[in-house]
Number of protein chains: 2
Amino acid sequence: MQIGELSERAGVSHRTIHYYERLGLVEPAEREGAGYRYYDETALKRLEKIAALKRLGLSLDEIAAVIDLYFEDASGIRGKERVLEILQAQLDKANAQLDELSAFKRDLENNIARMHGLIAQARQK
Amino acid sequence: MQIGELSERAGVSHRTIHYYERLGLVEPAEREGAGYRYYDETALKRLEKIAALKRLGLSLDEIAAVIDLYFEDASGIRGKERVLEILQAQLDKANAQLDELSAFKRDLENNIARMHGLIAQARQK
DNA sequence: CCTAAATCTACACCCAACGTCAGGTTTAGA
DNA sequence: TCTAAACCTGACGTTGGGTGTAGATTTAGG
């Protein structure tokens with residue numbers, strides 16, 4: 001698949017893919033002859049993973065540091081202790097985020113209930 | 001309290017406070033005479049709320065749209081339906097984020113377990 | 001009363017994460 | 001074979017969220 005199809009399927013522009021390539025986030029499976037990039041399905045999966053990690057608030061640099069975990073053969077990963085540290089740090093962050101998000105959600109629900117009350121009251125008069 | 005103390009207590013630079021002021025996020029309680037800004041405790045609370053909302057991934061513009069909910073008297077809020085819409089949208093977003101975050105956490109925990117296994121195995125040999 | 005520390009405004013600059021534009025090359029298909 | 005559509009690179013522009021700096025003013029404390 002060429003960059004056009006990949007970008008469409010992944011929902012990002014081809015310039016974004018170029019940019020990600022410079023950061024080491026995705027690579028074409030092949031660049032024969034004159035330089036057209038050809039991708040396989042794993043490229044799509046990488047882009048989807050990148051999007052997911054971005055939604056969690058990771059920067060592209062942070063993503064670059066961990067994305068291979070999701071695609072390398074685990075037995076081949078060098079520096080397993082280091083990898084473990086990174087994962088643990090991310091887990092801690094995720095837990096903190098979960099707590100904060102739950103509290104925020106409760107807050108929102110309270111505010112929504114309050115608003116409903118105020119609106120009903122306003123309508124009645 | 002002057003901007004120096006506020007910035008120290010809130011953990012942001014005074015330049016950031018100026019910047020937030022331009023965006024309508026915080027205001028000094030008073031600017032007498034020659035223009036020094038004087039703040040009260042609610043300014044600090046606003047800055048803390050802003051930081052919390054940022055951690056949830058809201059942009060400063062989005063924060064500007066909702067922060068008054070936390071400090072205005074609810075009965076005085078204009079456009080309650082609009083406010084309700086915003087809150088509901090944020091709640092939906094929060095729920096989606098919670099789902100994604102939980103899945104990410106499960107992923108992480110699996111990877112961590114796998115890493116522990118691989119490390120134990122490597123040590124044994 | 002005087003001076004050092006704090007603050008003021010305004011403009012410039014920074015980084016991340018892209019988008020736009022220009023000019024040139026390549027490829028697929030009629 | 002030839003042309004339109006897709007692709008390439010490189011340079012520059014943009015937006016969000018700030019930071020740095022300069023030069024002037026103000027204020028608090030000895």
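Reminder, nothing fancy here: chain letters follow the sequence lines and each chain counts from 1.
Protein atom CD of A:E8 is 10 Å distant from nucleotide atom P of D:dA6, rounded to whole Å.
Remark: B:K54, B:S59, B:L60 in residues 49-63 of chain B come within less than 4.0 Å of DNA chain D through at least one heavy atom. Interface residues of residues 16-27 of chain B facing DNA chain C, ordered by number: B:H18; criterion, heavy-atom separation under 4.0 Å.
Applying the salt bridge (Lys or Arg N to Asp or Glu O under 4.0 Å) rule to A:E27 yields no partners; only residues at least two apart in sequence or on another chain are considered. Partners of B:K105 according to the salt bridge (Lys or Arg N to Asp or Glu O under 4.0 Å) rule, which considers only residues two or more places apart in sequence or in another chain, do not exist here. Listed by chain and residue number, A:M1, A:E5, A:E41, A:L44 satisfy the side chain to side chain contact (heavy atoms under 4.5 Å, CB included) test with A:R9 (two or more places apart in sequence, or in another chain).
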Once base and sugar-phosphate atoms are separated, protein heavy atoms under 4.0 Å mark nucleotides 21-30 of chain D, 5' to 3', with B, S and - as B----BS---
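A sub-4.0 Å separation between OP1 or OP2 of C:dT7 and a side-chain N or O of B:R37 is absent.
Judged by distance alone, the side chain of A:T16 and the main-chain N or O of A:V12 form no donor-acceptor pair under 3.5 Å. With A:R37 contributing its side chain and A:Q2 its backbone, the two residues share no donor-acceptor pair below 3.5 Å.
Residues A:S7 and A:S13 come closest through the heavy atom pair CB-C, 3.9 Å. Annotation for A:Q97 and A:L56: closest pair NE2-O, 3.4 Å, computed over non-hydrogen atoms.
A 4.5 Å side-chain heavy-atom check between B:Y38 and B:I3 finds every atom pair outside the cut-off. The closest side-chain heavy-atom distance from A:L60 to A:K54 is below 4.5 Å.
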Should A:T42 and A:D40 be marked as a side-chain hydrogen bond (donor to acceptor under 3.5 Å, both in side chains) after you check the CA-CA gap, both sets of side-chain angles, and the distance that decides it?
CA-CA 6 Å; A:T42 71; A:D40 54 23; 2.9 Å; yes
